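Report on the structure given below.
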2 protein chains.
Amino acid sequence: MRPTVHDIAAKAGVSLATVDRVLNNRPGVRSVTRDKVERAIATLGYVRDVAAANLAKRRNYPFVFILPAGDNSFMRGLEGEVRAAMARSASERTQITILPVPAFDAQALVQALSEAHQRRPAGVAVVAVDAPEVAEAVKQLRSDGIAVVTLVSDLPGSGRDHFAGVDNIAAGRTAGTLMGRFTGGRAGPIAVLAGSMLVRDHRDRLEGFSAVMAEEFPAHRLLPVIEGQDDPVLVEKLVHALIEREPDLAGIYSLGAGNRGLVAALEKTGKSKTNCTIAHELTPHSRAALRSGTIDAVLNQDAGHEVRSAIRVLKAKADGLAVIEAQERIRIDIFLKDNLPIEQA
Amino acid sequence: MRPTVHDIAAKAGVSLATVDRVLNNRPGVRSVTRDKVERAIATLGYVRDVAAANLAKRRNYPFVFILPAGDNSFMRGLEGEVRAAMARSASERTQITILPVPAFDAQALVQALSEAHQRRPAGVAVVAVDAPEVAEAVKQLRSDGIAVVTLVSDLPGSGRDHFAGVDNIAAGRTAGTLMGRFTGGRAGPIAVLAGSMLVRDHRDRLEGFSAVMAEEFPAHRLLPVIEGQDDPVLVEKLVHALIEREPDLAGIYSLGAGNRGLVAALEKTGKSKTNCTIAHELTPHSRAALRSGTIDAVLNQDAGHEVRSAIRVLKAKADGLAVIEAQERIRIDIFLKDNLPIEQA
DNA sequence: ACATTTTTGATTTACGTACATCAAAAATTC
DNA sequence: GAATTTTTGATGTACGTAAATCAAAAATGT
């Protein structure tokens, strides 16, 4: 049987109350006595029964999730995962509030962070816009003992507790290698389509992609980045113009959202098969395009994993516990038409 | 506040004892009363506090993991993950026993299953060898109310409760597409290196790979399958002979283990760069080969995920609860040199 | 209407921890 | 060595559920 507080008390020759004082480091224990208790804990290999402790404490975790609004499929999927976590809140002792905020808008994000602050939650998860004033707002939350996890897009220099998202430089590099090898011997320029250079994840992907193309596939010319604001309508227009301008285009790397517009433009111009297209995030649209061959590969981050990881980390940080970073690493999924997961309800 | 059993009792106008009888379907409740209680449960949205229930029940889960012995790196990694789960057993209320068994040996596996049976565990996880007598042994476990999950390699027709592993046909197809596209315009035959056709996962991968190569890359000739028994020494010898026999070899798909031998042969014959090599499972060896360029892509299944998923499923099945299949799906990871995860301790 | 069976209520103990209170004992100060 | 402060013990209640016991009440059969 697992040792309990009673066993420690017996072993150390002290009362239950003293064991309790040591375990929850309450004051009023001489250091000699404390040592005795700690030795008993060590020799018995006692580990606190977290379930029983949480029951006794009536512990719960109020969290705020700040997510971009808009009709970006990936972000809506992310929100869906947060809502799924809310449905599990009873058994997980969490109380999650979602705060929507306009995309790519640092000012609005700062305001949302301050609103979150007022709710005095145990932790905040935020899809960050990379701006100094946002970092400042995050610092204020942390100085009040509120745990902060960045989600999907990171905010270095803000002192956030953790980043729940993929290594976007590695993702860009991976896209680069796939692009180089899939286009094989073909010449022709490569286009890069981004959402906005205001978010860290897009900048990082571009950096990784450009680096690999320059290092390993110097024969391919990289065209200037097109910013489509993750807006399907704008993206379609821009890609249409691109295809007319560059008739011998070999590939397109779409590192942001708005893939609906990209696919529409490719299919309307009949370029869907001749181009090598690599995109990000598995959504109903990108899935269909992958299946039909319009998109050749999709790099994905599993939104469900990210949300669950963010919650685990927020809980741990709120309790002052360590996080096993390796276990919380979010991997980059590569999907070809052959390894698409079964569609979910 | 979450409703408790007391709230249900009050709402339904019955005693706590009756609520308990309904919740744990004990006998001695008239159906009218049972209905009253169930309506109260539904209207209050009561969900049992699993932590408190497990505490009161002193619930624990004795499980047996049957794993192949030998120096197969992937299997040793898998065992490491099981041991990591054992270290967490205190907080997870599990008691895990590992039963080693010779690889690819149906008779030994049957015996191990019977030994596991005698221990009367709540569940068994097993890396299956695909043979009728093994399926029969699994059926016996299940008929005694012991949950059975197959791990890594499945056993269809055995009535196992769940398979914790990847879709190996899809994995083979993915390897096929990568092989076809990476070898690009090059002609030359493609070799397939397997461990043993006695295990389902290897057979499935071969099936998927062959199908894609035939459908989409008919120009490439597929050589007869080489079986290396996942033994590095044997594999090196076989691959060496292969390279001498087929000087214009375009690619090798290694769908089993024993990658050390494969890499050694490729590097000694100076074929490491000219060949497109695709292998399975990320181990220290395959990682190094990926980094150096000897291997072009590694398809991986995350052993840690598989073990954790198996445990979750075994727990759920032991409690007669439903499993969210979509959540327990193990994905196929594709690693290129660009998206290798950071090495762990 | 009686005996018999079935159903229900009331109550208690337990799981392992948290937390509070009050008294007793030990250590410290002057 | 008395007064004071600090440390420790003893004890009880709570968290939400499980499980058992025994008595009381209700339903059933004849």
Side-chain angles (χ1 to χ4, degrees), chain A residues 1-41 44-61 89-95 318-321, chain B residues 1-41 44-61 89-95 318-321:
Chain A
M1 285 298 284
R2 253 176 98 166
T4 73
V5 279
H6 294 84
D7 300 319
I8 301 176
K11 181 87 179 179
V14 300
S15 75
L16 257 180
T18 301
V19 174
D20 179 71
R21 288 180 186 115
V22 173
L23 278 175
N24 300 291
N25 44 219
R26 290 185 236 280
V29 186
R30 271 190 306 165
S31 58
V32 264
T33 319
R34 168 158 276 137
D35 280 359
K36 265 199 300 186
V37 174
E38 270 160 2
R39 268 201 307 280
I41 291 176
L44 290 178
Y46 169 83
V47 269
R48 172 197 256 112
D49 184 326
V50 187
N54 282 340
L55 178 59
K57 273 191 292 207
R58 268 170 293 184
R59 181 69 159 116
N60 67 353
Y61 302 87
S89 62
S91 50
E92 300 189 348
R93 301 181 183 275
T94 55
Q95 314 174 164
D319 289 339
L321 301 176
Chain B
M1 286 300 281
R2 262 176 89 167
T4 74
V5 280
H6 295 85
D7 300 320
I8 301 177
K11 180 85 177 182
V14 300
S15 75
L16 257 181
T18 301
V19 174
D20 180 71
R21 289 179 184 115
V22 173
L23 278 175
N24 299 291
N25 42 218
R26 290 184 234 280
V29 184
R30 271 190 307 165
S31 58
V32 264
T33 320
R34 169 157 272 136
D35 280 359
K36 263 198 302 186
V37 174
E38 270 160 1
R39 268 201 307 281
I41 291 175
L44 289 178
Y46 169 84
V47 270
R48 168 198 257 116
D49 183 326
V50 187
N54 282 341
L55 178 60
K57 271 191 292 206
R58 268 169 293 184
R59 181 70 158 119
N60 66 353
Y61 302 87
S89 63
S91 52
E92 299 188 348
R93 299 178 185 278
T94 54
Q95 314 175 165
D319 290 339
L321 301 177

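By convention in this document, chain letters (A, B, ...) are assigned in the order of the sequence lines, proteins followed by strands, and residues within each chain are numbered from 1. Because the structure is a prediction, the values reported are computed rather than measured.
Residues V14(A) and V19(A) share a closest heavy-atom pair of CG2-CG2, 3.8 Å. Of all the heavy atoms in L16(A) and A9(A), the pair that sits closest is N-CB, 4.1 Å. Here the closest heavy-atom approach between residue Y46(B) and residue I8(B) is recorded as CG-CD1, 3.4 Å.
For dA10(C), the OP1/OP2 oxygens have no side-chain nitrogen or oxygen of S15(B) closer than 4.0 Å.
Within the structure, the salt bridge (Lys or Arg N to Asp or Glu O under 4.0 Å) test picks out the following pairs touching residues 2-25 of chain B (sequence neighbours left out): D20(B)-R26(B).
At whole-Å resolution of the value, CZ in R34(A) and P in dT6(D) are 16 Å apart.
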Along nucleotides 14-30 of chain C, 5' to 3', which nucleotides get a B, which get an S, and which get a -, given that the test is a protein heavy-atom distance under 4.0 Å? -BBBSB-------S---

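Residue E92(A) holds its CD atom at 12.0 Å from CG of N54(A), rounded to the nearest 0.5 Å.
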